[in-house]
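Report on one structure; see the data block that follows.
Along the sequence shown, residues are numbered consecutively beginning with 1.
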Amino acid sequence: MGVGRTLRRRPSAGAVAGAWAVSAAVSMVPGAAFAAQALVPATGAFAHNAMALALLIGLIVFSTILSLLHIRERGRWARREHDLVTELADLRGAHDRAALLLGSERQIIVTWCGRDEPLIEGDASLAMDGTRTASPRRVLAFGTWLPASDAAALDAAVDTLRSRGERFRLTVRTLGGRTVEAQGQAVGGRALLRLREITGERQELLELRATLLEARSSLSVLATLLDAIPQPIWRRSRDGRLLWANAAYVAAVEAGDRERALTEGTELLDRAAREEAERRRAKGQGGALRVSAVMAGSRRTLDVTEAAVESGSVGIAVDVSELESVRADLQRQMEANVRTLDQLPTAVAIFDARQRLIFHNAAYRQLWDLDPAFLDGNPLDGEVLDALRNARKLPEQADFRSWKTDVLSAYRAAEAQENWWHLPDGRTLRVVADPNPQGGLTYLFDDVSERVHLESRYNALMRVQSETLDTLKEPVAVFGSDGRLKLANRAFMAIWRIGPDLLGSQPHIDEVITLCRPLSLAEEPWTEIRGAVTGLMDVRHALACRLELKDGTVLDCAAQPLPDGATLLTHIDVTASVNVERALTEKNEALERTARLRDEFVHHVSYELRSPLTNIIGFTELLGDETVGALNTRQREYADHIMRSSAALLVIINDILDLASIDAGSMELTREVVDVQVTIAAAVRGVEDRLAEAAITLDRDVPADIGGFVADGKRIRQILFNLLSNAIGFSAPGQTVVVQARKTDREISFSVIDQGRGMPPEVVARVFDRFESQTLGTRHRGVGLGLSIVRSFVELHGGRIEIASAPGQGTKVTCTFPIGGSEPNLAAAE
């Protein structure tokens, strides 16, 4: 049986021939039997012989046919055997060739057929790196000879191949570092895995492919990095054509995208700049070329650097506009610093690391009065010292050489050195030699002669002030920033009974308080004084308090912070003024109690008067209506007089109650939207009878679209009623009273104008005072509460009232209210 071939079993030729012969004999026997039956009547023996002969003949024929068939089948089976032997030889050759092909390189083939065990063929040592005898089953344990990541990937690929028949090709590396190609595919319903070690040209091809991928990745990273660089970068061919540009180049030329910039050849530099860059590159000149170009729509200064490469050239443009601006600013600042140093009174001289003078200001030239040409020649520091010594402008020294060496040693010092030079002309200089970080030295010469003189004067002044403080009668003490008593005059020591010995030891504020507290009544002021002297606050404030001594003395104490951190403590004897203040306070309290008693009395009396007055008005109206009986003319006239007098008295009582409510602070406004036209009409109706009685004309000057505002409508009507009553009272028959209203975006004003006699300035000043009544020669009488009530109501609304009047020119009273209302101004109303 050949490999991979299935043979079917067929019946042999001999068997077929035998079956055919038997059937022939059987067919012949019935004929003989028939002949025998025909001959039966003849004789029985003859029939028996005939049958035997027929049987013999049949057997001979059968044997002959069977022999012929056997010979034929034997020849056919011989040929068949020869064909099978030939085919077996071919299959063995194919098997040998397959084995030879399989063994020609290190590889393993694993075959799965359904759920059967896998068939593993090939060199299993491929999975063991030749370290030990390999077990074929160990090949499928990928984690034992592959890294974890490669083993996981191969396991997943094999599972996918066996479950869904998906082919794959992977390249993995063994733990020994060899490269293996894993290829899986489905063949004839079976899953086939081929593991082959890659060597030779294929290994080199894979390595080259990996190198190419790495180079492409590096090139992509490099391109990404170049795109992230804000400077434009480009690459040109040998003929100057633009081959590549980064994102900054595309943005600079405003091309939109890279392909468009490369296709159109959009250039960042003009022709002259490109030609100059090419010329410098051809001559091998290094360094950057500074050009001016337009980047993203603005003119910029660029440093362009181009370098030749094998395929052409590469270039980069660095924007140095800001650098140039900074450099110009630095130059301007240096010039400004030079001008500033020239304005300084301190002499400044700067020497470089070679000890040569590189800068000096005007104060330096003025201080030493050296020849400008000598200074401009950048002399050495030692030469300057020699020139000053020759001019007798340096301090007198017994050993000038040693002194000069000591001065020049500042060049090697790590920190600044300070010295004092006493010049022969009597001046004193403070000299600071400060080493420069880059080498060299900076001299600062400060003339402190005046300061020394002022210091001596200051010390003398301090002694004078000390003597002056000792002559003061007010106690004065000064505490330092450490809280110790630095200075105290005789009055301070006397009042607090501090001895000179204790003052000399500069006691702390705690010790001073310990001595002073038994002499005073309260302890709280001393706590505040201690906090003012020793408090660690960001902002120090002055302190004022009062100390009462047990002997009855009262002192006003003040702690004033001084600029140097000290504290000045002063006392003033205010015993006499405190006694007077106490007497005045007691008197004021008595007056306040009297005022409260008066207000309570007025309030009580007003309420008590209102009830019977209301009854009088009610009964008078009842009599006037004649519901209880008819009245004669005189009785009706008396009833009218009673009605008018009662109404006037009720108005006076209501005004007194309103003033009392305002004074008590209990007046509350009922705010609502007040219609100006309706309010003025209501106020006018209240004075119509008086207008008719006095023969006075009333005009309204109110815009039709004036609208309304937020206020207490009742109080607004009361204001207008009082103003109209006052204007009617001071007008003569036949004159005109005008009520006027005006409105702006923020406020509304009401004005009542009459043509009466007017008022002099001294009357205008007192017209709003309570119980101030001025007849001015008219028949108008009143208790003087109308205008006072008006002003209180206006100010309670947050408004203001103005009056304009002059003798013979009439009077104009204007009340102005804010639009939308405001918080009640109780203080102003009171």
Side-chain angles (χ1 to χ4, degrees), residues 149 171 205-340 437-438:
S149 59
T171 301
L205 178 61
L206 288 177
E207 292 177 355
L208 290 177
R209 182 180 298 172
T211 304
L212 177 60
L213 292 177
E214 184 177 359
R216 287 180 177 176
S217 177
S218 301
L219 183 60
S220 177
V221 171
L222 180 60
T224 303
L225 177 62
L226 292 178
D227 279 336
I229 294 177
Q231 289 80 20
I233 301 175
W234 62 89
R235 181 167 66 90
R236 300 182 186 278
S237 62
R238 294 180 180 275
D239 57 357
R241 182 169 51 87
L242 193 64
L243 297 179
W244 184 85
N246 67 343
Y249 184 97
V250 176
V253 300
E254 300 178 325
D257 52 54
R258 197 193 319 271
E259 289 73 12
R260 180 180 177 184
L262 298 179
T263 303
E264 298 179 358
T266 308
E267 295 289 348
L268 175 63
L269 308 178
D270 55 16
R271 182 182 299 275
R274 296 198 303 272
E275 292 176 353
E276 178 63 20
E278 184 178 358
R279 184 185 63 79
R280 290 166 61 91
R281 188 172 63 252
K283 292 183 177 181
Q285 296 179 355
L289 174 64
R290 179 154 298 179
V291 299
S292 177
V294 176
M295 289 182 59
S298 61
R299 178 67 62 177
R300 313 292 289 178
T301 302
L302 306 177
D303 274 352
V304 178
T305 303
E306 281 196 344
V309 296
E310 183 179 357
S311 60
S313 63
V314 293
I316 182 173
V318 180
D319 188 357
V320 295
S321 303
E322 295 183 1
L323 178 62
E324 287 295 314
S325 176
V326 170
R327 182 176 298 173
D329 290 342
L330 178 61
Q331 184 64 28
R332 287 193 297 270
Q333 290 180 6
M334 292 179 62
E335 294 174 356
N337 291 336
V338 169
R339 291 193 299 270
T340 302
Q438 295 81 13

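- Side chain of Thr224 to main chain of Ser220: a donor-acceptor pair is present (N/O by atom type, distance under 3.5 Å, no hydrogens or angles).
- Between the side chain of Arg258 and the main chain of Val250, no donor-acceptor pair closer than 3.5 Å is present.
- You'll find the side chain of Glu275 stays beyond 4.5 Å of the side chain of Arg279, heavy atoms only.
- Between the CG atom in Leu243 and the CG atom in Leu262 there is a gap of 8.0 Å [rounded to 0.5 Å].
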Derivation and outcome, salt bridge (charged side-chain N to carboxylate O under 4.0 Å, His left out), residues Arg260 and Glu254: CA-CA 10 Å; Arg260 180 180 177 184; Glu254 300 178 325; over 6 Å; no
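- At distances below 3.5 Å, not a single donor-acceptor pair connects side-chain atoms of Asp319 with backbone N or O atoms of Leu302.
- By the 6.0 Å contact criterion, CD on Glu278 is open, its count of non-hydrogen atoms from other residues, nucleotides or ligands being 12 or less.
- Between Glu322 and Arg327 there is no salt bridge, since none of the side-chain N atoms of the basic residue sits less than 4.0 Å from a carboxylate O of the acidic one.
- Arg235 is not listed as a side-chain neighbour of Asn246, based on a closest heavy-atom distance of 4.5 Å or more.
- Side-chain contact between Leu269 and Glu267 is absent, with no heavy-atom pair separated by less than 4.5 Å.
- A heavy-atom distance below 4.5 Å is found between the side chains of Met295 and Pro232.
- The line from OG of Ser313 to CZ of Arg236 is 6.5 Å long, rounded to the nearest 0.5 Å.
- Counting only heavy atoms from C-beta outward, the side chains of Val294 and Val253 never approach each other to under 4.5 Å.
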Test side chain to side chain contact (heavy atoms under 4.5 Å, CB included) applied to Val314 and Ile233, step by step: CA-CA 7 Å; Val314 293; Ile233 301 175; 5.9 Å; no
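- Looking at Glu306 and Arg274, no side-chain N of the basic residue comes within less than 4.0 Å of a carboxylate O on the acidic one, giving no salt bridge.
- Contact check for Tyr249 versus Leu242: side-chain heavy atoms found under the 4.5 Å cut-off.
- Residues Leu226 and Trp244 are in side-chain contact: their nearest non-hydrogen atoms beyond the backbone lie under 4.5 Å apart.
- Minimum interatomic distance between Val304 and Ala317 (heavy atoms only, all atoms of both residues): CG2-CB, 4.2 Å.
- Nearest heavy atoms, Ala273 versus Val291: CB-CG1, 3.9 Å.
- To the nearest 0.5 Å, atom CZ of residue Arg300 and atom OG of residue Ser292 are 10.0 Å apart.
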